[in-house]
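Keep in mind that the numbers below use all heavy atoms, side chains included, and drop hydrogens, waters and symmetry copies. The chain is numbered in sequence order, starting from 1.
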Amino acid sequence: ARCDIPVFHDDQHGTAIVTAAGLLNALEVQGKQISDSRIVCMGAGAAATACMDLLIKCGARAHNIFMLDRQGVIHTGRSDLNKYKQRFANETPLRTLMDVIEGADVFVGVSGPDVLPAEAVALMAPNPVIFACSNPDPEIKPALAHAVRSDIIMGTGRSDYPNQINNVLCFPFIFRGALDARASRINDAMKIAAVEAIRALAKEPVPAEVLTAAGVSELAFGKDYVIPKPMDARLLPRVARAVAL
């Protein structure tokens, strides 16, 4: 048999799907809408642009997204931007992380360790969401973030903290669905279907075997459980079927 599905970079697109699923659920818990949320993205590589692209397709507003690279905020006045970064250039006088983080509802980190200082977390809007996805060392350690704010929802790429934002939640399940449907490519509708399948699963009762594997006595949709655990065997059939349909 021959597979004609073009190269699909599971790292960047998988991270985007899981980030979107977790973020939509986290904002729901915090009583916020993605269309109204101010989003700060630390990092401007392939994973960052894939994440922000998919968030826009899930309802985020481009003018509410502030992306940063090593030179600071990506804005329309810069002449050093490649074509991928140019899509996220904001017309703004803001130039630094401390500028854009004030009043932000969401921080998504796909950059490197310890780049989000506690002082920045303190400036965020009430009930913020922080996904510090740099692995193995996040942009801010959960203990530090929680010491600054009691109202945050925190996620990382690691399995030893709540809310693991990791592409293992959707791969290789997306390929299972694509192959089942004999699809010739993986499109935005299939990615959004995966997002919805993952976030819906987090709202269902958690099987005993998942609790045992996670080493906890209970899990329920809320601040410490906005996304399923990677060892949840229901992910394969749910995501694959959603993608195939």
Side-chain angles (χ1 to χ4, degrees), residues 10-12 14-30 32 37 39-43 47-48 51 55 97 101 104-122 124-171 195 198-235 239:
D10 64 334
D11 184 42
Q12 64 199 58
T15 299
I17 288 165
V18 178
T19 298
L23 182 56
L24 287 167
N25 276 354
L27 288 171
E28 182 180 328
V29 172
Q30 298 289 52
K32 299 186 178 189
S37 296
I39 301 170
V40 173
C41 179
M42 177 63 80
C51 283
L55 289 183
L97 172 63
I101 201 73
D105 300 288
V106 176
F107 173 89
V108 176
V110 277
S111 53
D114 303 320
V115 296
L116 180 65
E119 296 80 7
V121 175
M124 295 181 74
N127 301 315
V129 178
I130 297 175
F131 284 177
C133 301
S134 178
N135 234 343
D137 299 312
E139 283 76 5
I140 185 170
K141 292 179 174 59
L144 179 56
H146 286 295
V148 177
R149 301 285 293 262
S150 62
D151 60 345
I152 64 171
I153 289 180
M154 180 85 193
T156 70
R158 290 172 48 155
S159 60
D160 52 344
Y161 295 122
N163 301 322
Q164 184 180 10
I165 309 300
N166 193 294
N167 59 24
V168 71
L169 271 73
C170 63
F171 284 104
V195 168
I198 293 168
R199 66 179 298 227
L201 189 56
K203 300 176 184 180
E204 297 183 16
V206 181
E209 58 268 23
V210 177
L211 297 176
T212 300
V216 296
S217 59
E218 63 176 326
L219 285 170
F221 183 62
K223 286 191 172 186
D224 288 333
Y225 184 68
V226 298
I227 199 150
K229 293 291 186 180
M231 66 281 291
D232 195 324
R234 298 173 297 174
L235 284 162
V239 173

Does the side chain of [Y] come within less than 4.5 Å of [X]'s, by heavy atoms?
{"X": "Leu27", "Y": "Ile153", "result": "no"}
{"X": "Asn166", "Y": "Ser159", "result": "no"}
{"X": "Gln30", "Y": "Val129", "result": "yes"}

Checking [X] now: which residues fulfil side-chain hydrogen bond (donor to acceptor under 3.5 Å, both in side chains) with it, not counting sequence neighbours?
{"X": "Glu119", "value": "none"}
{"X": "Asn25", "value": "Arg199"}
{"X": "Ser37", "value": "none"}

Least distance between heavy atoms, Met42 atom then Val115 atom: CG-CG2, 3.8 Å

Minimum heavy-atom distance Thr19-Thr15, with the two atoms named: OG1-O, 2.7 Å

Take Tyr161 and Met154, measure what side chain to side chain contact (heavy atoms under 4.5 Å, CB included) needs, and give me the verdict at the end. CA-CA 9 Å; Tyr161 295 122; Met154 180 85 193; over 6 Å; no

Residue pair Leu116, Leu97: steps toward the side chain to side chain contact (heavy atoms under 4.5 Å, CB included) verdict: CA-CA 8 Å; Leu116 180 65; Leu97 172 63; 4.2 Å; yes

Enumerate the residue pairs fulfilling side-chain hydrogen bond (donor to acceptor under 3.5 Å, both in side chains) with a member in residues 124-141, sequence neighbours excluded, ordered by first and then second residue. Ser111-Glu139, Asp114-Lys141

In chain order, what residues pass the side chain to side chain contact (heavy atoms under 4.5 Å, CB included) check against [X], with sequence neighbours excluded?
{"X": "Ala20", "value": "Leu54, Leu55, Cys58, Val195"}
{"X": "Cys41", "value": "Ala48, Met52, Met67, Val110"}
{"X": "Cys170", "value": "Ile17, Val18, Ile174, Ile198"}

For residues 145-161, the salt bridge (charged side-chain N to carboxylate O under 4.0 Å, His left out) pairs (sequence neighbours left out) are Arg149-Asp151, Arg158-Asp160

Taking distance alone, no hydrogens or angles, what donor-acceptor pairs closer than 3.5 Å link side-chain atoms of residues 210-231 to residues at least two apart or in another chain?
{"unit_1": "Thr212", "atom_1": "OG1", "unit_2": "Ala208", "atom_2": "O", "d": "3.0"}

Quick one: pull up CD1 in Ile130 and CD1 in Ile140 and give me the separation to the nearest 0.5 Å. 6.0 Å

